[in-house]
Amino acid sequence: MDITERFRQVFGSDGDIREYFAPGRVNLIGEHTDYNGGHVFPCALTIGTYAAARKRDDRIIRFFSDNFPEAGILQTSLDDKEYRKELSWCNYPRGVIFAAAQAGYAVDSGMDILYFGTIPNSSGLSSSASIEVLTGFIIRDLFGFDFDGITNAKLGQTAENSFIGVNCGIMDQFAIAMGKKDHAIFLDTATLKYEYVPLDLTGARIVIMNTNKKRKLGDSKYNERRSECERALADIQKIRDIRTLGDLDEEGFLAVQDAIVDPVCRKRAKHAVFENRRTIRAAEALRDGNLSLFGQLMNESHISLRHDYEVTGKELDTLVTEAWQQDGVIGARMTGAGFGGCAVALVREQAVPAFTAKVGEAYLRKIGYDAAFYVAQTGDGPVRKS
Ligand code: GLA
């Protein structure tokens, strides 16, 4: 699709119209660790969000999504800083514009922006973070701001936390803003130190498996998990001087776990600590070319997310347990927040067609509707295309 052409149809053709793209992301391992001071290991994808944008001379902002054309043009103003339910998805870009203003990057005029996304909604591949990072990138370019990719990621996270009301960590926005083709990003969320690790998969492919179950109630459950971890941390801090759960290793956790009063919070914290250590080991395994260890750590990650963190559900568990039984599978786990959305598997290239056919068949039989499969292509962070 020609995004600029579509923009002209919707908004008229005058002015300097620019075209942009930002990716989605898939997380290979390190789930629910990013708000616990732990590590994550995501990569940016070639699916993502396209946009065309131009400045206006007034303070009006007009949004249009070609994914929801029936909603028409949604109009608002720079001076309306309230979250508006009726503006639905536009609250993501609005949140970024307001977060940028608070950080000292106030746009001095309105804009028209048309978006078109190729990430399935509510799939756990970060369609909202993609819109956020793209919006930060657009205003940076249109208004000549000089913030870097990490600042852009933080603007997106601030928009989620303060405007949308999801207390997410930095992983999604960071993976998108800092994405690099053929690499995964090994990020320490406590310090924001990061390393690009080459995705040298020696003939294996990253297969994304979509449950096609939308994440209903996902946001409130997400915030609940986060506060359970915070309660666990507060209990541990009564007896041990740590800043985050990411400061503990497995032995350290086992030594202090009895300080956590609520057994549910204890399980959540255990996942956060053990998942962080798995992620560190997985990045090392990939650097060493030890794919089978990487796969085993993915499998352990899923088991922990299922039993200790309890964010999988029958759709994700069906996809993953079916995946584990197939020839050529190296590892499989849920990815993203959970409660529906996607799982990710590492599969030997020649086994991919039979893998998707068999997992797909079993899923349909057990769940009653189809899953979808994509062989992931990794990509770079946001770009201006014209
Ligand atoms: C969502 C959040 C991220 C991260 C993951 C779980 O994608 O936006 O910050 O917490 O869930 O790992």
Side-chain angles (χ1 to χ4, degrees), residues 22-45 48 92 95-96 119-133 150 153-179 184-190 192 194 208 210-211 214-215 217-230 244-246 268-269 271-279 282 297-298 301-302 304-306 308-313 316 333-344:
R25 69 97 188 90
V26 65
N27 189 24
L28 299 178
I29 191 163
E31 221 63 84
H32 291 281
T33 49
D34 66 344
Y35 49 85
N36 284 310
H39 292 74
V40 293
F41 204 34
C43 45
L45 298 170
Y92 294 108
V96 171
I119 306 168
N121 285 327
S122 306
S123 60
L125 303 177
S126 289
S127 56
S128 45
S130 179
I131 293 175
E132 288 158 1
V133 170
I150 296 183
K154 288 181 182 166
L155 296 179
Q157 188 194 12
T158 304
E160 286 278 351
N161 295 169
S162 322
F163 198 68
I164 305 293
V166 177
N167 292 325
C168 67
I170 190 77
M171 169 170 73
D172 303 347
Q173 291 81 4
F174 196 104
I176 290 167
M178 302 297 287
I185 309 175
F186 180 55
L187 170 67
D188 179 348
T189 63
L192 294 191
Y194 64 99
I208 296 172
N210 191 346
T211 59
K214 303 282 181 222
R215 267 173 43 191
L217 294 179
D219 292 349
S220 60
K221 290 273 180 213
Y222 183 93
N223 288 350
E224 183 184 292
R225 291 295 178 279
R226 181 166 184 158
S227 50
E228 287 161 349
C229 288
E230 283 163 359
T244 68
L245 293 175
R268 308 299 191 235
H271 166 79
V273 170
F274 281 61
E275 179 76 355
N276 180 38
R277 308 313 291 184
R278 270 192 290 274
T279 307
L297 292 163
M298 288 175 84
S301 166
H302 185 85
S304 174
L305 287 156
R306 179 176 184 171
D308 287 338
Y309 222 66
E310 297 179 281
V311 291
T312 56
L316 281 168
R333 56 181 287 277
M334 59 150 270
T335 185
F339 315 106
C342 284
V344 60

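Please read these numbers as outputs of a predicted model, since none were measured by experiment. For ligands, and for the atoms within them, numbers begin at 1 and follow the listed sequence.
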Tyr222 heavy atoms, cut-off 4.0 Å: which ligand 1 atoms fall inside? 1 (C), 2 (C), 3 (C), 4 (C), 9 (O), 10 (O), 11 (O)
Which word best sums up how the rings of Tyr222 and His32 line up, parallel for under 30°, tilted for 30 to 60°, or perpendicular for over 60°? tilted
Suppose I only count heavy atoms of Tyr35 and a 4.0 Å limit; which atoms of ligand 1 are within that range? 10 (O)
Modelled atom types, side-chain donor and acceptor of Ser301 and Arg333, under 3.5 Å: yes
Please report the closest heavy-atom contact between Met171 and Glu31, naming both atoms and the distance. CE-OE2, 3.4 Å
Counting heavy atoms only, which of Asp34, Asp172, Asn36, Ile170 comes nearest to atom 1 (C) of ligand 1? Asp172
Is the shortest heavy-atom distance from the side chain of Val40 to the side chain of Thr189 under 4.5 Å? yes
Atoms of ligand 1 less than 4.0 Å from Met171 heavy atoms? 4 (C), 5 (C), 12 (O)
Contact atoms of ligand 1, heavy-atom distance to Gly169 under 4.0 Å: 9 (O)
Please check whether His32 reaches ligand 1 - meaning an N/O of the residue sits under 3.5 Å from an N/O of the ligand, judged on distance alone. yes
Give the atoms of ligand 1, by number and element, whose distance to some non-hydrogen atom of Arg25 is under 4.0 Å. 7 (O)
Could you check, using the six-membered ring where one of them is a Trp, whether Tyr309 and Phe274 have ring centers closer than 6.0 angstrom? no
So do the side chains of Leu316 and Arg306 get within less than 4.5 Å of each other, counting heavy atoms only? no
